[in-house]
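This report refers to the structure that appears directly beneath it.
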Amino acid sequence: MNILAYKSRGFMNVSYRAYSHTCPCTSPIAATRTLLTKKTDFITPRKNADVTFDTFSGAEHPPYPLSRREAFSFVENVLGLEHPDTLFKTDPIQNLTKIAERMKKVSPFTTMQFFDGSPFQINDEYCKGHMLHGHGGGCIFINPFTKALLEQLGYKTNDVPARVVASTDAFHISTLVCDLCYPGSLHLIEPGTVRPIFHPISLHFEQESTVYEVFGLRNKFFKRSDGNLVWCMEPFPKMLERLGDDEVIQDSAGKKWQIFLIYSLQEKKMGRYHFNKYWHKLIRGQGYIPPRTHGFVHNAYKDGDLINFFANKEKKFVQIMHEDSTEEVRELKKEELLTFFEDKFPGFPTRMLARAVRENFHISHVSPKS
């Protein structure tokens, strides 16, 4: 096992730039462009598939199936916050901050569920089950659950879709919390991304936000004249040299920031519709994520560290980011990956990881009937 210690933040910054819902890679711009622009052939969806993403009439999405009792139990027993019935009433902004941080820390960002069964299984009930058991998932698991949880606590929310520069598809869904400071005020909550951010992002700023920093990774948000909100990350000089003008935003001090996600604020009333439409297109027919998105990702927090697992048929590693801005990267064999994961997260069901190992981290090997 090779262990390398780094003082810089470059390694993780590059991996977070790659398509955040599937796999980090060393060429994030190329990966994102390939993923979202390459032509894909689809066939007719399988009949009787139990999926949320089968019709798009434009009607309002059914309510998320989270009861008040389930929400309060999750807040107390999983998030570790007392008196869920008064969290909104006592100090809604301060408690929203607590909820946002706890959701990020207790809900791993992971692709495990794609190895546990079929993408045809993915609907709100399936996602809720994994969330209630602390399994986390991608944005499709974490963010709609977070929205429903906040609503049960008394917050007013909206869905908001997001995309990357290279695509017009809304491949990401997130949550806006509304009317906390005044009618029309907005706060963005983002526990369901691979890039860590613990804060509710206040959208009170005119053109650019303050800098939000977690584990040495710096983030900034911008409002554009087209009505979109842009989440940017601090790029490194070598990366900045390779970025096109449409991939960066310059702040008021002249510093360039790399675009991570673009949120369509004007589409918040139809956020879930646009996101479901993308997922329906992605999984329909053969019941799997396209081959170019292969890879196992698992980001979780343990003893103050952020632990990032990544594996595909070519490489397997674990990266540990410390609060003192140092990090370790360990190259692993298949067996070492499983052993290391079991040691760090003994309560997490390893059947999903074990299956990923058997499948050689190849998501498209997961068949619709498995």
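Starting from 1, each residue takes its place in the sequence as its number.
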Distance-minimising heavy-atom pair for P196 and K104: CA-CE, 3.7 Å
Test item: I93 and C181 side chains (from C-beta on) under 4.5 Å apart, heavy atoms: yes
Trace of the side-chain hydrogen bond (donor to acceptor under 3.5 Å, both in side chains) decision for H83 with E76: CA-CA 7 Å; H83 309 298; E76 290 182 316; 5.9 Å; no
Full working for side-chain hydrogen bond (donor to acceptor under 3.5 Å, both in side chains) between E208 and S252: CA-CA 8 Å; E208 60 189 66; S252 57; 3.0 Å; yes
Side chain D124, main chain P65, donor-acceptor under 3.5 Å: no
Candidates R195, R218, K220 - the one meeting salt bridge (Lys or Arg N to Asp or Glu O under 4.0 Å) with E234: R218
Ring geometry between H130 and F141 (parallel below 30°, tilted from 30 to 60°, perpendicular above 60°): perpendicular
Flag for E267-H274: side-chain donor and acceptor within less than 3.5 Å: yes
Interatomic distance, M352 atom CE to T111 atom OG1 [nearest 0.5 angstrom]: 10.0 Å
Taking every non-hydrogen atom, the tightest pair across P161 and A170: CB-CB, 3.5 Å
Over 12 non-hydrogen atoms of neighbours within 6.0 angstrom of CD in E342: yes
Exceeds 12 heavy-atom contacts within 6.0 angstrom, atom NZ of K89: no
Close aromatic pair by centroid cut-off 6.0 Å: F317 and F340: no
Smallest separation among heavy atoms of N228 and Q266, with atom names: OD1-OE1, 3.1 Å
Step-by-step side-chain contact (heavy atoms from CB on, under 4.5 Å) determination, L332 to V318: CA-CA 7 Å; L332 305 172; V318 61; 3.8 Å; yes
Residue pair N95, T90: steps toward the side-chain hydrogen bond (donor to acceptor under 3.5 Å, both in side chains) verdict: CA-CA 8 Å; N95 286 316; T90 54; 3.0 Å; yes
Close side-chain approach of F145 to C127, heavy-atom, < 4.5 Å: no
More than 12 heavy atoms of other groups within 6.0 Å of K223 NZ: yes
Step-by-step salt bridge (Lys or Arg N to Asp or Glu O under 4.0 Å) determination, R272 to D159: CA-CA 6 Å; R272 193 74 184 271; D159 294 307; 5.1 Å; no
Donor-acceptor pair, side chain of N312 and main chain of E314, under 3.5 angstrom: yes
For the student: nearest non-hydrogen atoms of A162 and Y263, plus distance: CB-CD2, 3.6 Å
Pairwise side-chain contact, N299 with I307, heavy-atom cut-off 4.5 Å (strictly under): no
Lys/Arg N to Asp/Glu carboxylate O, K128 vs E70, below 4.0 Å: yes
Contact check, side chains of F88 and L180, non-hydrogen atoms, under 4.5 Å: yes
R102 to V78 - nearest heavy-atom pair and separation: NH2-O, 3.8 Å
Lys/Arg-Asp/Glu bridge criterion (N-O < 4.0 Å) met for R163, D169: no
Side-chain heavy atoms of L261 within contact of V230, under 4.5 Å: no
Closest non-hydrogen atom pair between F296 and H298, with its separation: CZ-CB, 3.8 Å
Verdict with reasoning, Q113 to H135, per side-chain contact (heavy atoms from CB on, under 4.5 Å): CA-CA 9 Å; Q113 288 86 352; H135 300 167; 3.8 Å; yes
Heavy-atom check, side chain of T175 versus side chain of V160, under 4.5 Å: no
F275 ring center near H172 ring center (under 6.0 Å): no
Within-4.5 Å side-chain heavy-atom neighbours: T193 and I142: no
Donor-acceptor contact below 3.5 Å, side chain N143 vs main chain G192: yes
Neighbour count >12 (heavy atoms, 6.0 Å) for atom NZ, K255: yes
Inter-residue atom distance Q319.CD - F309.CZ, 0.5 Å rounding: 11.5 Å
Neighbour count above 12 (heavy atom, 6.0 Å) for D324 CG: yes
Evaluation steps, side-chain contact (heavy atoms from CB on, under 4.5 Å), between M321 and D305: CA-CA 6 Å; M321 300 182 68; D305 295 330; over 6 Å; no
Test side-chain hydrogen bond (donor to acceptor under 3.5 Å, both in side chains) applied to E247 and Q258, step by step: CA-CA 6 Å; E247 297 171 313; Q258 182 179 353; over 6 Å; no
Donor-acceptor under 3.5 Å (T110 side chain, G137 main chain): no
Polar contact flag, side-chain donor to acceptor under 3.5 angstrom, H322-E328: yes
Value rounded to 0.5 Å, distance of CD1 in I189 from CE in M103: 10.0 Å
Spacing of OG1 belonging to T157 relative to CG belonging to L186, to within rounding of 0.5 Å: 11.5 Å
Heavy-atom donor-acceptor pair, N219 side chain to Y212 backbone, under 3.5 Å: yes
Residue pair Y301, F345: steps toward the ring pair (Phe, Tyr, Trp, His ring centres under 6.0 Å) verdict: CA-CA 10 Å; Y301 296 85; F345 305 103; 9.8 Å; no
K333 backbone acceptor or donor facing E336 side chain under 3.5 Å: yes
Output field: ring centroids F222/F205 closer than 6.0 Å: no
Residues I262, V165; criterion side-chain contact (heavy atoms from CB on, under 4.5 Å); working and verdict: CA-CA 7 Å; I262 302 171; V165 172; 4.1 Å; yes
Aromatic plane relationship, Y182 with H204 - under 30° parallel, 30 to 60° tilted, over 60° perpendicular: tilted
Plane angle bin for F221 and W231 - parallel if under 30°, tilted between 30 and 60°, otherwise perpendicular: parallel
Nearest-0.5 Å distance that lies between atom CG in L337 and atom CD in E331: 13.0 Å
Ring centres under 6.0 angstrom apart (F341, F348): yes
D343 and K302 ion-paired at < 4.0 Å: no
Straight-line distance of K147 NZ to Q152 CD, nearest 0.5 Å: 11.0 Å
Flag side-chain contact, heavy atom, 4.5 Å: F171 against V164: yes
